[in-house]
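Taking it in order: structure first as structure tokens, then the write-up.
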Amino acid sequence: MIIADRKPLQEIQEMIKPYDKVMLVGCKGCVTVCNAGGLKEVQILASTLRIARKKEGRPLVVEERMLERQCDPEYIEQLRDSYDQYDAVLSMACGVGPQFLSEAYPSQRFFPTVNTKFMGGAVQHGIWEERCAGCGTCIIHHFDGMCPIARCSKSLQHGPCGGSAGGLCEVSKEIVCIWDLIVRKKIEQGRLDDLRKYWAAKDWRTARDGGPRKSIREELVK
Amino acid sequence: MSENGYKSGSNLEKVLKAGHFAFTGECGPPKGANVAHLKEKMEPLRGMVDAINVTDNQTAVVRMSSKAASCLMVQAGLEPNFQMVCRDRNRIAMQSDILGASALGIRNMLCLSGDHQSFGNHPESKNVFDIDSMQLIALVKKMRDEGRFLNDEEIDEPPKLFIGAASNPFGDPVDFRVYRLANKIDAGADFIQTQCIYNMPRFREFIKRAVDMGLTEKTYILAGVTPMKSAGMAKYMARSVPGMDVPADLIKRIEGAGKGKMAEEGIKFAIEQIQEFKEMKGVAGVHLMAIEWEHKVPEIAERAGMLPRPKVD
Ligand code: SF4
Ligand code: SF4
């Protein structure tokens with residue numbers, strides 16, 4: 001799923017300074033699962049914003065809404081009747097949400113309240129890690145299911161670099177060197193020869209480097 | 001292969017092919033456009049080494065470009081070993097710089113991954129890593145030997161470069177390091193310069209494996225030496241430089257020399273190392289990285305019996 005973190009409160013307060021009545025829209029998709037923009041987070045942010053503004057003597061009306069998903073026009077449509085009753089709309093979805101919202105309702109102003117970070121999953125309660133960089137040409141079967149593109153700090157196809165030490169990446173003691181894991185697994189399984197292979201330079205056109213991407217499923221297009 | 005059977009005809013290539021024990025040095029370009037400062041650092045190396053590595057924004061700190069500094073060396077009659085890292089350039093810029101380097105008379109090139117930008121003075125920057133060091137080695141070889149760009153288009157005049165790569169015998173996972181070396185040789189590395197060696201027993205083991213695998217027949221391995229200036233430096237390297245192995249007894253030895261004598265002890269150890277490398281099977285030379293200590297190189301070269309440097313035509 002897509003992992004996001006709530007933006008710092010101050011940044012959100014700054015964004016909505018000019019407004020007195022806003023709608024805060026959560027999403028039941030990824031951001032609910034990663035506890036960044038689900039119902040609970042909508043409620044907490046809404047009341048925090050209200051209390052802060054009350055203290056300032058400039059009360060703020062915050063309408064709380066939840067959408068099934070903000071990456072689907074079908075659900076975005078559900079705001080058609082209400083979107084223009086607010087000075088601004090805040091989205092708690094990943095970066096896709098506020099964009100789909102502003103495409104559907106060009107006259108309204110939309111603000112992101114989370115920082116969208118990566119594609120990954122929970123490795124333990126409250127900790128999420130990156131697993132995929134969406135390069136568009138998956139090669140992880142060559143590396144025993146571990147992705148060197150997303151998980152090596154230098155995206156090396158022939159690792160590990162000289163900075164790998166004690167299983168950790170040279171960049172930080174918080175980062176596991178994925179190449180250390182790949183090599184150890186290959187050695188363990190007696191497949192070290194796999195690592196004697198040479199991989200040609202990757203074609204990055206399928207990644208973001210080729211420009212914004214699109215996926216067309218002919219059979220579904222009407 | 002170009003004329004006389006040489007791949008690039010660099011001095012380093014000639015010295016190694018003639019069977020001499022090679023000696024290379026290193027010079028970090030200045031943090032500015034200051035040519036006088038660069039000359040100050042490179043002049044002590046004149047006549048002392050066979051080629052001088054010119055670092056490419058080492059530790060991700062912005063400095064004068066390695067290509068420009070290498071070119072200034074060529075103009076001054078010194079031989080550079082132009083370093084290129086994968087961190088800052090995509091394949092377009094790399095191939096263009098490879099051609100440019102050759103056009104400027106640069107004849108050695110060392111292909112590296114490069115320290116991550118988070119180490120340096122612009123940690124906010126984007127990292128490139130379009131290709132990795134293995135692919136860079138293969139790229140230079142393809143350009144030189146096949147006369148083709150990465151996309152297979154023909155090059156009108158291929159670059160002439162003696163291709164170098166790095167090896168860290170002490171990086172983890174240790175068992176894999178010799179295979180990684182083998183991969184670099186297969187990709188096209190004509191010579192290898194190792195990470196600074198302090199743990200001699202571990203290095204002896206590493207080189208023995210390389211010899212047993214026949215790797216030292218296919219490439220020239222230059223053992224990396226960096227003299228310790230103080231116990232503080234030794235401790236710092238042991239603690240903070242990833243992939244560096246500094247044994248505790250070496251730190252003790254430097255410390256034991258006492259105040260004011262630690263640098264001399266560090267130099268003594270470096271000289272002992274060089275003397276052992278000269279006799280060590282599979283080692284074709286020494287790469288001396290006297291970081292910000294270039295003026296000490298003549299003394300070390302002299303005391304280690306590396307002078308005069310051979311002249312091969
Ligand atoms: S190889 Fe590409 S698609 Fe596959 S996991 Fe890695 S980044 Fe994602
Ligand atoms: S230490 Fe490992 S993860 Fe970090 S850049 Fe090097 S190979 Fe990649």
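Residue numbering restarts at 1 for every chain, and letters A, B, ... go by the order of the sequence lines.
- Looking at B/Asn90, there are no atoms closer than 4.5 Å to chain A (heavy atoms on both sides), in backbone or side chain.
- In terms of heavy-atom pairs under 4.5 Å with chain B, the best-connected choice from A/Trp179, A/Trp199, A/Tyr198 is A/Tyr198.
- Nearest heavy-atom pair across B/Gly243 and A/Ala165 is N-CB, 3.8 Å.
- Other residues, nucleotides and ligands contribute over 12 non-hydrogen atoms within 6.0 Å of the CD atom of B/Glu124.
- Ranked by non-hydrogen atom pairs under 4.5 Å with chain A, the options B/Ser113, B/Gly171, B/Gly114, B/Pro173 are led by B/Pro173.
- Side-chain atoms of A/Glu170 come within 3.5 Å of backbone atoms of B/His116 as a donor-acceptor pair (strictly under, hydrogens ignored).
- Rounded to the nearest 0.5 angstrom, B/Asn127 CG and A/Ser153 OG are separated by 8.0 Å.
- Contacts with chain B were tallied for A/Lys197, A/Arg184, A/Arg196; A/Arg196 has the most, counting heavy-atom pairs under 4.5 Å.
- In this structure, A/Asp209 CG and B/Asp130 CG are separated by 7.5 Å, a value rounded to the nearest 0.5 Å.
- Nearest heavy atom pair, residue B/Leu150 against residue A/Ala201, reads CD2-CB, 4.0 Å.
- At least one donor-acceptor pair closer than 3.5 Å links the side chain of B/Asn183 to the backbone N or O of A/Leu195.
- Of the atoms belonging to B/Tyr179, heavy atoms from both backbone and side chain fall under 4.5 Å from chain A.
- Residue A/Lys202 holds its NZ atom at 12.0 Å from CG of B/Asp132, rounded to the nearest 0.5 Å.
- Proximity of B/Met134 to A/Leu156: side-chain heavy atoms (C-beta onward) are nowhere separated by under 4.5 Å.
- For B/Ile92, the CD1 atom is loosely surrounded, since the number of other residues' heavy atoms within 6.0 Å does not exceed 12.
- Contacts with chain B were tallied for A/Ile187, A/Leu168, A/Asp180; A/Asp180 has the most, counting heavy-atom pairs under 4.5 Å.
- Of all heavy-atom pairs between B/Phe129 and A/Trp204, the closest is O-CZ2, 4.2 Å.
- Atom CD of A/Gln189 is surrounded by more than 12 heavy atoms from other residues, nucleotides or ligands within 6.0 Å.
- Heavy-atom distances place both the backbone and the side chain of B/Asp172 under 4.5 Å from chain A.
- Considering only heavy-atom pairs separated by less than 4.5 Å from chain A, the leading option among B/Ala166, B/Ala138, B/Ala182 is B/Ala182.
- Only the side chain of B/Arg177 comes within contact range of chain A, with at least one heavy atom under 4.5 Å from a heavy atom of that chain.
- Note on A/Gly159, A/Ala200, A/Gly167: by heavy-atom pairs under 4.5 Å with chain B, the leading option is A/Gly159.
- Rounding to the nearest 0.5 angstrom, the gap separating the CZ atom in B/Phe176 from the OG atom in A/Ser164 is 11.0 Å.
- For a residue to count as touching a neighbouring chain, one of its non-hydrogen atoms must lie under 4.5 Å from one of that chain's; by this rule B/Leu112 does not touch chain A.
- In this structure, B/Gln135 and A/His158 have side chains that are in contact, with non-hydrogen atoms separated by less than 4.5 Å.
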